[in-house]
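Let me begin by presenting the structure, written as structure tokens, before commenting on it.
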Amino acid sequence: MFKRFALSLLLAGLAGGAMAQSYPARPVTLVVGFPPGGGADAVARIVADKVGKILGQPLLVDNRPGAGTTLASEHVARAAPDGYTLLLGSANIYGSDQLLYKSARYDGARNFTGITRWSSAPMLLAVRKDFPGQGVGDLVALARSQPDKLSYSSSGAGVITHLATLSFAGASGGLRMLHVPFKGGAPSIQAVAAGDVDLTFGTPPSVLPLAQAGKLRMLAVSTAERSPLFPELPGMKESGVPGFDYTFWFGLFAPAGLPEEVARKLFDASTKALEDPDVKARLAKQGNLAAPSASLEEFRAWALKEGQESKALTQRSGAGLQ
């Protein structure tokens with residue numbers, strides 16, 4: 001029996017090695033849980049284009065918005081672990097999704113193979129162009145004086161734009177504001193530009209075009225200090241909310257069971273792509289930093305820690321199942 005077991009392990013290892021040598025033999029699908037035009041979509045298309053060129057096969061972006069990105073995550077979790085279906089994901093797959101959505105039957109640590117971080121960036125606090133306040137202090141004072149009157153949009157319950165605002169409200173002394181969720185970053189920001197909601201924490205690719213067109217105003221970055229990407233905007237410490245410091249990131253994931261040789265091939269291609277000056281410049285133009293992980297192991301441990309912190313924030317928020 002031991003000999004048969006050892007033989008099976010040997011054959012599995014040989015099969016994995018052969019697969020890695022030929023991978024990828026056809027186009028790869030990169031699933032994104034947001035519609036085109038948002039922050040995740042911008043990162044996905046910029047980096048995937050270069051990774052595909054390095055690998056010799058295109059990475060085709062497949063936008064599958066809905067249910068706070070859980071539709072996309074569920075699709076990838078159920079896919080074959082052959083490297084041909086990947087996910088652009090973040091911390092929410094490690095527990096926040098399961099707290100917020102009954103349909104989320106996956107767990108990041110058990111159902112996905114972490115590969116590497118692709119990007120990191122501050123979020124931008126944006127308000128409708130005719131918002132009466134001029135800075136974060138004015139916003140906080142107005143929200144405190146009129147509980148539940150100010151409204152904020154997000155790209156879905158439980159996703160980064162929602163959690164950022166919940167964290168901001170808590171750090172500002174427990175502000176009470178009305179949450180208006182949308183299916184993606186683009187419609188969430190457009191609601192602010194149209195004046196349908198008062199404010200949002202949005203990703204730079206979603207906020208910047210409308211801010212530059214004068215359709216909304218940016219008050220601050222979500223990090224404690226000013227960001228080199230947006231030196232003209234104050235950080236939260238100088239804005240009077242010193243306990244708030246929030247960044248968002250996107251990383252590359254595959255279904256659990258992906259051969260380690262294939263994971264390393266994707267890691268190496270991603271690292272090379274993110275070191276490319278053109279990719280860095282294109283990401284920076286969208287308000288993102290190229291942020292490759294040091295190793296497969298480092299990313300997996302870091303993503304798990306980030307996921308646990310995100311889950312704890314979701315639990316503290318009191319947000320319920322949908």
Side-chain angles (χ1 to χ4, degrees), residues 33-34 39-40 67-74 76-77 87-114 116-125 140 143 152-179 181 185 188 200-203 220-225 235-237 241-253 256 291 293 297-322:
F34 297 95
T69 73
T70 62
L71 296 182
S73 299
E74 184 77 26
V76 176
L87 175 71
L88 187 75
S90 196
N92 53 291
I93 66 172
Y94 288 90
S96 297
D97 287 348
Q98 292 78 3
L99 292 174
L100 292 163
Y101 295 92
K102 296 177 182 178
S103 59
R105 299 183 181 89
Y106 53 81
D107 177 78
R110 187 177 68 252
N111 298 114
F112 293 96
T113 299
T116 187
R117 185 176 53 239
W118 272 10
S119 68
S120 67
M123 304 189 78
L124 300 174
L125 174 55
V140 171
Y152 69 94
S153 61
S154 78
S155 50
V159 300
I160 52 174
T161 50
H162 181 207
L163 295 181
T165 313
L166 290 175
S167 182
F168 170 77
S172 301
L175 304 181
R176 288 165 46 191
M177 299 181 288
L178 176 65
H179 179 213
S188 172
T200 193
F201 275 93
T203 60
V221 292
S222 64
T223 47
E225 307 295 339
M236 286 292 163
K237 185 176 181 180
V241 192
F244 182 65
D245 188 1
Y246 201 97
T247 59
F248 76 93
W249 58 272
F250 292 114
L252 186 64
F253 296 86
S293 302
E297 296 74 20
E298 184 271 337
F299 175 67
R300 291 165 183 169
W302 179 85
L304 178 60
K305 178 176 177 292
E306 287 281 301
Q308 291 170 338
E309 292 176 355
S310 176
K311 181 180 178 180
L313 175 59
T314 304
Q315 289 173 319
R316 290 198 301 271
S317 75
L321 283 167
Q322 298 187 27

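Starting from 1, each residue takes its place in the sequence as its number. Computed from a predicted structure; not experimentally measured. These values consider heavy atoms only, across backbone and side chains, with no hydrogens, waters or symmetry-generated copies.
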Pair up each side-chain donor or acceptor in residues 165-174 with any protein partner under 3.5 Å, not counting sequence neighbours, and list the distances.
{"residue": "Thr165", "atom": "OG1", "partner": "Thr161", "partner atom": "O", "Å": "3.0"}
{"residue": "Ser172", "atom": "OG", "partner": "Phe168", "partner atom": "O", "Å": "2.8"}

Rounded distance (nearest 0.5 Å) linking atom [atom1] of [X] with atom [atom2] of [Y]:
| X | Y | atom1 | atom2 | value |
| --- | --- | --- | --- | --- |
| Phe299 | Thr113 | CZ | OG1 | 11.0 Å |
| Met236 | Thr223 | CE | OG1 | 8.0 Å |
| Ile160 | Thr203 | CD1 | OG1 | 6.5 Å |
| Arg117 | Leu252 | CZ | CG | 13.0 Å |

Legend entry - With sequence neighbours excluded, residues passing side chain to side chain donor-acceptor pair (under 3.5 Å) with Lys305: Glu309
Inset, instruction - Could you list the residues that satisfy side chain to side chain donor-acceptor pair (under 3.5 Å) with Ser154, not counting sequence neighbours? - result: His179
Inset, instruction - Write out all pairs satisfying salt bridge (charged side-chain N to carboxylate O under 4.0 Å, His left out) with one or both partners inside residues 152-166, taking only residues at least two apart or from two chains. - result: none
Legend entry - Of all pairs that satisfy salt bridge (charged side-chain N to carboxylate O under 4.0 Å, His left out), the ones with a partner from residues 162-177, not counting sequence neighbours: Asp148-Arg176
Legend entry - side-chain contact (heavy atoms from CB on, under 4.5 Å) assessment of Met123 paired with Val221: CA-CA 6 Å; Met123 304 189 78; Val221 292; over 6 Å; no
Legend entry - Donor-acceptor contact present, side-chain Ser153 to main-chain Thr200, <3.5 Å: no
Inset, instruction - Report the residues that fulfil salt bridge (Lys or Arg N to Asp or Glu O under 4.0 Å) with Glu74, sequence neighbours left out, ordered by chain and then residue number. - result: Arg78
What heavy-atom pair brings [X] and [Y] nearest, and what distance separates the two atoms?
| X | Y | answer |
| --- | --- | --- |
| Ser103 | Thr70 | OG-OG1, 4.0 Å |
| Phe34 | Ser155 | CE2-OG, 3.8 Å |
| Ser293 | Thr116 | N-OG1, 3.1 Å |

Inset, instruction - Answer with yes or no after comparing the ring centroid distance for Phe244 and Phe201 against a 6.0 Å cut-off, counting only values under it. - result: yes
Inset, instruction - Would you indicate whether the side-chain heavy atoms of Ser73 and Phe112 approach each other to under 4.5 Å? - result: yes
Legend entry - side-chain contact (heavy atoms from CB on, under 4.5 Å) involving Asp107 - partner list, sequence neighbours excluded: Gln98, Ala109, Arg110, Asn111
Inset, instruction - Mind checking side-chain contact (heavy atoms from CB on, under 4.5 Å) for Gln308 and listing every partner two or more places apart, or none if nothing turns up? - result: Leu304
Inset, instruction - Carefully, step by step, assess Phe250 and Ser120 under the rule side-chain contact (heavy atoms from CB on, under 4.5 Å). - result: CA-CA 7 Å; Phe250 292 114; Ser120 67; over 6 Å; no
Please tabulate, one pair per line, all N/O donor-acceptor pairs under 3.5 Å involving side-chain atoms of residues 87-96, not counting sequence neighbours.
{"residue": "Ser90", "atom": "OG", "partner": "Trp249", "partner atom": "O", "Å": "2.7"}
{"residue": "Asn92", "atom": "ND2", "partner": "Thr69", "partner atom": "OG1", "Å": "3.1"}
{"residue": "Asn92", "atom": "ND2", "partner": "Asp97", "partner atom": "OD1", "Å": "3.1"}
{"residue": "Asn92", "atom": "ND2", "partner": "Asp97", "partner atom": "OD2", "Å": "3.1"}
{"residue": "Ser96", "atom": "OG", "partner": "Ser310", "partner atom": "O", "Å": "3.3"}
{"residue": "Ser96", "atom": "OG", "partner": "Ser310", "partner atom": "OG", "Å": "2.9"}
{"residue": "Ser96", "atom": "OG", "partner": "Lys311", "partner atom": "N", "Å": "3.4"}
{"residue": "Ser96", "atom": "OG", "partner": "Thr314", "partner atom": "OG1", "Å": "3.1"}

